[in-house]
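Just below is one structure, and these are the notes that go with it.
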Amino acid sequence: MPRERSDTKADIRAVALELFGLKGYEKTSLREIAERLDLTKAALYYHFPSKGELLRSLVEPLRLDAEDLVRRFGDGVNDPGEALGAYFDLCVRHGSLMRALLNDLGSLNEVGLVDLIMDWRRRLDAALVGEEPTIPARMGAVVALGGIQDVAVMFPREEAAAHRETAVAIALAALSAGAASMD
């Protein structure tokens with residue numbers, strides 16, 4: 001039966017993300033992705049020459065969004081709630097991808113995401129608490145950002161989004177507790 005017209009690349013990415021989330025990147029084959037879509041492997045290779053290219057195409061929107069966020073807040077944060085809220089939105093928007101990548105941590109290295117994530121987090125930490133914060137202040141930033149990231153990974157998108165204000169308030173409390181320890 002012929003496939004209905006659709007955006008084949010988007011369909012491939014959606015199925016790949018689902019399977020990477022269920023089985024991990026390494027344990028998912030291109031053959032499985034093609035079969036799920038009723039495509040030949042050749043048709044899949046036409047769109048994505050390798051599994052690595054497919055993974056990179058999934059990560060690219062996250063990379064672009066994170067770079068935009070770091071650019072937006074990288075010179076310092078006037079309103080920590082706004083910055084943490086924007087980070088929350090980014091994490092929730094890309095929560096499915098983050099879950100899939102955590103399912104197979106080796107995939108993070110394959111696309112160079114480990115170094116990028118560490119750089120984004122370092123830059124966001126510095127934007128929130130300065131370039132040379134005390135250890136407690138930095139801990140507050142790490143807990144605030146890490147907690148927000150974990151909420152996006154551990155809760156379904158709709159649940160996390162419904163509790164955005166609470167998550168941001170909790171992150172602000174962690175940030176404030178770290179800053180209070182500076183005195």
| What are the two closest non-hydrogen atoms of Thr28 and Lys51, and how far apart are they? | O-NZ, 2.7 Å
| task | Would you name the heavy atoms of Leu30 and Ser50 that are closest together and state the gap between them? | result | CD1-C, 4.2 Å
| Expected output: side-chain Arg31 to main-chain Lys41 donor-acceptor under 3.5 Å | no
| task | Taking Glu159 for its side chain and Pro156 for its backbone only, find out whether a donor-acceptor pair lies under 3.5 Å. | result | no
| For Gly81 and Leu172, which heavy atoms make the closest approach, and how far apart are they? | N-CD2, 3.7 Å
| request: State, to 0.1 Å, how close Ala144 and Ala171 come at their nearest heavy-atom pair, and which atoms those are. | output: CB-O, 3.3 Å
| task | Report the C-alpha separation of Val129 and Leu175 in whole Å, then their side-chain angles, then the decisive distance to 0.1 Å, and conclude whether the side-chain contact (heavy atoms from CB on, under 4.5 Å) test is met. | result | CA-CA 8 Å; Val129 294; Leu175 190 62; 3.7 Å; yes
| query | Is it the case that one hydrophobic cluster holds both Ile148 and Val153, taking links as side-chain heavy atoms less than 4.5 Å apart, direct or via other members? | reply | yes
| request: Measure the CE-CG distance between Met98 and Asp150 for me, rounded to the nearest 0.5 Å. | output: 9.0 Å
| Less than 4.0 Å between a side-chain N and a carboxylate O, is that true for Asp119 and Arg122? | yes
| said: With a 6.0 Å cut-off (strictly less than), is the heavy-atom count around CG of Asp75, excluding the residue itself, greater than 12? | reply: no
| request: Quick one: pull up CZ in Arg123 and CG in Leu69 and give me the separation to the nearest 0.5 Å. | output: 10.0 Å
| Arg99 side chain vs Leu22 backbone, donor-acceptor pair below 3.5 Å | no
| SB check Glu82 Arg72 (cutoff 4.0 Å) | yes
| query | How far does CG of Leu101 sit from CG of Leu17, to the nearest 0.5 angstrom? | reply | 8.5 Å
| query | Which heavy atom of Phe48 sits nearest a heavy atom of Arg13, and at what distance? | reply | CZ-NH1, 3.7 Å
| task | Provide the closest heavy-atom pair for Val142 versus Arg121 in the form atom of the first, atom of the second, distance. | result | O-NH2, 3.2 Å
| Rounded to the nearest 0.5 Å, how far apart are CH2 of Trp120 and CG of Asp65? | 9.0 Å
| query | Checking Tyr25 side chain against Gly52 main chain: does a donor-acceptor pair fall under 3.5 Å? | reply | yes
| message | Would you say Leu124 ends up clustered with Val143 if hydrophobic residues are merged whenever their side chains have heavy atoms under 4.5 Å apart, either directly or through other cluster members? | response | no
| Distance, nearest 0.5 Å, that separates CD of Glu35 from CG of Leu44 | 11.0 Å
| Quick check: are there more than 12 heavy atoms from other residues, nucleotides or ligands sitting under 6.0 Å from CG of Leu64? | yes
| query | Arg164 versus Asp89: any side-chain heavy-atom pair under 4.5 Å? | reply | yes
| query | Taking only residues two or more places apart in sequence, or in another chain, which ones meet Phe88 in a ring pair (Phe, Tyr, Trp, His ring centres under 6.0 Å)? | reply | none
| Common cluster, Ile170/Met154, ILVMFWY with side-chain heavy-atom separation under 4.5 Å | no
| remark: So CD of Glu53 and CG of Leu55: to nearest 0.5 Å the spacing works out to 9.5 Å
